[in-house]
Asker: 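Structure in structure tokens, see below.
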Amino acid sequence: MPQALIRVPAEVKKGEIFEIKTLISHAMETGVRRDNTGRLIPRDIINRFVCTYNGEEIFRADLFPAIAANPFLTFFTVARKSGELVFQWTDDHGTTQTEKAKITVV
Amino acid sequence: MRLTRRQVIGAIVLGLASPLPVRRAAQATSENAAAAIKAILGDAVLREGKVSLDMPSIAENGNSVPLTVSVDSPMTGTDHVRSIHVFAEANPRPNVAHFHLGPRAGRAQVSTRIRLFTSQKIIAIAALSDGSFWSGSTEVVITLAACIEE
């Protein structure tokens with residue numbers, strides 16, 4: 001399983017806009033590189049990322065091979081209610097990885 | 001007149017510091033990039049403005065170039081950014097990413113790191129909730145390209 005890192009403030013004020021940072025370890029193989037025998041290395045990237053906040057989608061990204069290895073994404077959302085942020089990455093094989101983070105709104 | 005060592009070094013430093021001519025290989029938006037942009041736009045009109053790209057003007061390594069794209073928008077229920085699309089026109093494949101946001105984002109700003117095959121123009125297009133499309137772009141000079149080595 002690739003390792004994912006998430007940074008979310010532990011506590012935010014209601015109505016505040018806060019930043020969410022995510023990183024997942026992945027080679028993001030482009031499909032245009034060749035190995036040392038000259039054969040193309042098949043493409044293998046994370047092509048989709050979704051973030052939901054208490055079940056509602058707040059951010060989604062379709063990614064292409066031009067995203068650097070270990071895809072890093074930063075985005076924002078508005079604090080509404082305490083609850084859970086769920087992050088899901090999907091690769092070219094359809095494999096998904098899910099991470100969760102708690103958020104407390106005061 | 002003989003030049004002193006100090007004068008020679010001074011001239012070299014000056015020469016390096018003067019703005020490098022950006023390589024204009026991909027002067028016009030490449031055909032691939034034009035097609036990728038067309039796929040997003042459809043028949044809509046693309047206007048310049050509202051979108052800003054924050055990237056280094058010179059990047060040492062094309063394998064990982066930081067990118068922050070932001071759109072000037074109040075991000076309310078009736079006036080917000082629906083999506084942001086990023087294109088690198090001189091890459092083998094011009095699509096970089098599509099970001100889908102909504103009023104829940106609060107701020108229309110996304111950061112990531114991208115690969116650049118060569119020095120080129122990066123274009124970002126924002127689709128707004130009123131159906132209009134806005135674009136912004138920036139030039140990045142790469143001294144070591146992605147996709148080649150190894």
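Per chain, numbering begins at 1; letters A, B, ... match sequence-line order.
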Asker: Atom CZ of B/Phe99 and atom CG of A/Asp62: how far apart are they, to the nearest 0.5 Å?
Answerer: 9.5 Å
Asker: Under a 4.5 Å cut-off applied to non-hydrogen side-chain atoms, are A/Phe76 and B/Val110 in contact?
Answerer: no
Asker: Membership question, hydrophobic clusters at under 4.5 Å side-chain separation (ILVMFWY): are A/Ile46 and A/Val86 in the same one?
Answerer: no
Asker: Is A/Leu5 linked to A/Phe72 within one hydrophobic cluster, defined over Ile, Leu, Val, Met, Phe, Trp and Tyr using a side-chain heavy-atom separation of less than 4.5 Å?
Answerer: yes
Asker: When hydrophobic residues are tied together by side-chain contacts of less than 4.5 Å, even through go-betweens, does B/Met55 share a cluster with B/Val69?
Answerer: yes
Asker: Does NZ or CZ of B/Arg104 lie under 6.0 Å from the centre of the six-membered ring of A/Tyr53, at an angle within 45° of the ring axis?
Answerer: yes
Asker: B/His98 vs A/Phe64 aromatic rings, parallel, tilted or perpendicular, using cut-offs 30° and 60°?
Answerer: perpendicular
Asker: Do you know which two heavy atoms are closest between B/Arg93 and A/Pro65, and how far apart they sit?
Answerer: NH1-CG, 3.9 Å
Asker: Under 4.5 Å heavy-atom distance to chain B, tell me which part of A/Ile20 shows up: side chain, backbone, both or neither.
Answerer: neither
Asker: Counting only heavy atoms closer than 4.5 Å, note whether A/Pro71 contacts chain B via side chain, backbone, both or neither.
Answerer: neither
Asker: With a 3.5 Å distance limit and no angle check, can you tell me whether B/Ser111 reaches the backbone of A/Thr74 through a side-chain donor-acceptor pair?
Answerer: no
Asker: For B/Asn91 and A/Ala66, work out which heavy atoms get closest and say how close.
Answerer: ND2-CB, 3.7 Å
Asker: May I ask whether A/Phe18 and A/Ile58 are part of the same hydrophobic cluster, defined by side-chain heavy atoms of I, L, V, M, F, W, Y residues being less than 4.5 angstrom apart, directly or through others?
Answerer: yes
Asker: Do A/Val50 and A/Ile24 land in one hydrophobic cluster if side-chain heavy atoms of ILVMFWY residues count as linked below 4.5 Å?
Answerer: no
Asker: So, taking the atom named CZ in B/Arg107 and the one named CD in A/Glu19, what distance separates them when rounded to the nearest 0.5 Å?
Answerer: 8.0 Å
Asker: Quick check on B/Ala105 against chain A: is it the side chain, the backbone, both or neither that has a heavy atom closer than 4.5 Å?
Answerer: both
Asker: What's the shortest heavy-atom distance between B/Pro103 and A/Val78, and which atoms?
Answerer: O-CG2, 4.4 Å
Asker: Examine distances only and state if a side-chain atom of A/Arg60 and a backbone atom of B/Leu101 form a donor-acceptor pair shorter than 3.5 Å.
Answerer: no
Asker: Compare all side-chain heavy atoms of A/Leu23 with those of B/Arg113 and state whether any distance is below 4.5 angstrom.
Answerer: yes
Asker: Pick one of side chain, backbone, both or neither for A/Glu56, based on which atoms fall under 4.5 Å of a heavy atom in chain B.
Answerer: side chain
Asker: For A/Arg43, look at atom CZ and say whether over 12 heavy atoms of other residues, nucleotides or ligands are found less than 6.0 Å away.
Answerer: yes
Asker: Under the side-chain contact (heavy atoms from CB on, under 4.5 Å) criterion, do B/Met75 and A/Ile17 qualify, and how do the steps go?
Answerer: CA-CA 11 Å; B/Met75 296 305 275; A/Ile17 297 169; over 6 Å; no
Asker: So how far is it from A/Thr30 OG1 to B/Phe117 CZ, rounded to the nearest 0.5 Å?
Answerer: 11.0 Å
Asker: What's the separation between atom CD1 in A/Ile67 and atom OG1 in B/Thr112, rounded to the nearest 0.5 Å?
Answerer: 4.0 Å
